[in-house]
Amino acid sequence: MAVAGRLMPQTHAIDRRQLPADDRETAMADTCTHLDTAHDVEPSSTGCEDCLRIGGRWVHLRLCMTCGHVGCCDSSPNRHATAHFHAHTDHPIIRSYEPGEDWWWCYVDQVAFEVPGAPPSPSHP
């Protein structure tokens with residue numbers, strides 16, 4: 001639920017089996033302690049902005065919940081969402097940018113979660 005551009009810090013971990021295979025193995029913690037870094041963001045692109053720039057391809061898309069960067073998942077050849085986090089470690093949370101998926105991921109806490117009351121997940125066209 002958005003409050004003054006921030007999301008309320010209410011989360012619950014999800015079963016790792018609900019995640020795509022490329023994200024399942026690293027889910028470890030029970031809660032995300034970085035939800036205060038998440039904002040209501042506008043997606044930067046309708047596809048992986050880095051792949052579009054270099055002519056790359058992607059499998060699934062992820063949305064940075066700090067700045068709106070759209071990057072590709074770890075099953076994609078270039079792993080731009082994770083690269084974005086490594087370049088901007090103060091951007092720890094991503095959200096799936098796939099139709100019908102509402103899960104979030106915290107790189108720092110290594111946890112997948114959902115945010116009850118959050119608006120539906122945006123997704124690429």
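What's counted below: heavy atoms across the whole structure, side chains too, no hydrogens, waters or symmetry copies.
Of all heavy-atom pairs spanning C72 and W58, the tightest one is CB-CB, 3.4 Å. A38 and I93 make their closest contact through CB-CD1, 4.5 Å (heavy atoms, listed as atom of the first residue, atom of the second, distance). The two residues V70 and P43 have their closest heavy-atom pair at CG2-CB, 3.9 Å.
Side-chain N/O atoms of H69 and D50 include a donor and acceptor closer than 3.5 Å. Judged by distance alone, the side chains of E101 and S121 never bring a donor and an acceptor atom under 3.5 Å apart.
In terms of modelled atom types and a separation under 3.5 Å, the side chain of Y97 and the main chain of P122 share no donor-acceptor contact. Between the side chain of S76 and the backbone N or O of V59 there is at least one donor-acceptor pair closer than 3.5 Å.
Between H39 and M65, the closest side-chain pair of non-hydrogen atoms is not below 4.5 Å.
How far CZ of R62 is from CH2 of W104: 14.0 Å, rounded to the nearest 0.5 Å. Rounding to the nearest 0.5 angstrom, the gap separating the CH2 atom in W105 from the SG atom in C32 is 10.5 Å. Atoms NE2 and SG, from H91 and C64 in turn, are 5.5 Å apart once rounded to the nearest 0.5 Å.
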Worked check of side-chain contact (heavy atoms from CB on, under 4.5 Å) between L61 and C73: CA-CA 6 Å; L61 298 173; C73 71; over 6 Å; no

- prompt: side-chain contact (heavy atoms from CB on, under 4.5 Å) between I54 and N78: does it pass, once the steps are laid out?
  reply: CA-CA 10 Å; I54 65 170; N78 294 300; 3.9 Å; yes

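With sequence neighbours excluded, the residues forming a salt bridge (charged side-chain N to carboxylate O under 4.0 Å, His left out) with R95 are D102, listed by chain and number. P92 meets the side-chain contact (heavy atoms from CB on, under 4.5 Å) test with H34, T37, T66, F85, C106, V108; sequence neighbours excluded.
H84 and H80 have their aromatic ring centers separated by at least 6.0 angstrom.
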